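Not measured: the values here are computed from a predicted model. Note on naming: letters A, B, ... go to the chains in the order of the sequence lines (proteins, then strands), and numbering restarts at 1 for each one.
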Protein chains: 2
Amino acid sequence: MDSELCLTRLKENGYRLTDARKAVVEIVAATTHALTPVEVYDRARMSCPGMGLVTVYRTLEKLEELGLIQRVHQMHGCQAFITSGNGHEHLLLCTNCGSTVRFSGDQLDRLIGSISRHSGFIIKEHWLQLFGMCKKCQGSVKK
Amino acid sequence: MDSELCLTRLKENGYRLTDARKAVVEIVAATTHALTPVEVYDRARMSCPGMGLVTVYRTLEKLEELGLIQRVHQMHGCQAFITSGNGHEHLLLCTNCGSTVRFSGDQLDRLIGSISRHSGFIIKEHWLQLFGMCKKCQGSVKK
DNA sequence: TTACTTGCAAACGTTTTGCACGATT
DNA sequence: AATCGTGCAAAACGTTTGCAAGTAA
């Protein structure tokens, strides 16, 4: 998601636009792979030297609340964030370098309908995530 | 997964069968919703009073390594475990009470093939998880 | 000016590690 | 008997909270 839009949304929701928040928003918006709070912190200090890790946590929390970023679940944890896509999208992650691709069109309606009937659940949300190896990493295999 | 089978697998892999491990295996195998290490610990002490939380962590680690249990990813974290299913299965979770249903037959081959072609990724794994409200909770809505 | 935001320090909960003792094979 | 497993205590880690000072509106 565009960083301008993120800042607008923050403002719309009554949050002030500070240098710290601008820095965090810009970093997440400009990065195509998921970043942990500490990674955001390290990058943010380049443009915003005195910034504290606490502020990163608090800003990420607000951005997640507003749906501007989303938590990325990976094999070994789910503490990393990535900018949100538009509408209903899913993620494809490279397990080697962490690069991501978004995709939509999962067409799970029939499956979900069938599972809902069999289980009696009302299904409200679904997660679909793919893992693999991107083109670049296929050439230079580390693992 | 059956607790007998879990114990057999542990033994096959060179791990000793202690009371602590038996207790952890039995608890996880007998529970249909995801349990955190502390929850396992609290239940394990009923049959195994002196047991330490550390042992629970170490046992869960081994069970996960061997694929006998799996980590469950939920909205607010992924520190809970559930016994593994047989073959390729996915989870449906009740966001109200935590009960789970397994399902297979996701038929994502066509989708995955298409995304693989478009992205250039070699796709190795996929996660599909559904969230909703189970039959019981639909009646007694807490939220 | 006023309310929101910040950084610091400390608290907190979870997970990991070192070690001597105890148990399984 | 030898090795592996255990519990305890302490450390390490990530995250959250209280607070006084600073800043955006």
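With side-chain heavy atoms closer than 4.5 Å counting as contact, directly or through intermediates, the hydrophobic cluster containing A:Ile123 also holds A:Leu92, A:Val101, A:Phe103, A:Leu108, A:Leu111, A:Ile112, A:Ile115, A:Phe121, A:Leu128, A:Leu130, B:Leu92, B:Val101, B:Phe103, B:Leu108, B:Leu111, B:Ile112, B:Ile115, B:Phe121, B:Ile123, B:Leu128, B:Leu130. Using a 4.5 Å cut-off between side-chain heavy atoms of Ile, Leu, Val, Met, Phe, Trp and Tyr, B:Val54 forms no hydrophobic cluster with any other residue.
Applying the salt bridge (Lys or Arg N to Asp or Glu O under 4.0 Å) criterion to A:Glu89, with sequence neighbours excluded, gives A:Arg102. Remark: B:Phe131 engages A:Trp127 in a ring pair (Phe, Tyr, Trp, His ring centres under 6.0 Å) (not counting sequence neighbours).
Within a 6.0 Å radius of NE2 in A:His118, no more than 12 heavy atoms belonging to other residues, nucleotides or ligands are found.
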Reading nucleotides 20-25 of chain D from 5' to 3' and marking B where a protein heavy atom lies under 4.0 Å of the base, S where only the sugar-phosphate is that close, and - otherwise, the string is ---BBS
What one-letter contact string describes nucleotides 7-17 of chain D from 5' to 3', where B marks a base within less than 4.0 Å of any protein heavy atom, S marks contact via sugar-phosphate atoms alone, and - marks no contact?
-> BBB----SSBB
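The closest side-chain heavy-atom distance from A:Leu63 to A:Leu10 is below 4.5 Å.
Per the geometry, CD belonging to B:Glu12 stands 14 Å off P belonging to C:dT25, to the nearest Å. If you take NZ of B:Lys62 and P of D:dC4, they are 12 Å apart, rounded to a whole angstrom. If you measure from atom CZ of B:Phe81 to atom P of C:dT14, you get 14 Å, rounded to the nearest angstrom. Whole-Å rounding puts the B:Glu39 CD to C:dT14 C1' distance at 14 Å.
Once rounded to the nearest 0.5 Å, the distance linking CD1 of B:Ile82 with CZ of B:Arg71 reads 13.5 Å.
Listed here is the closest heavy atom pair of A:Met1 and A:Ala29: O-CB, 3.4 Å.
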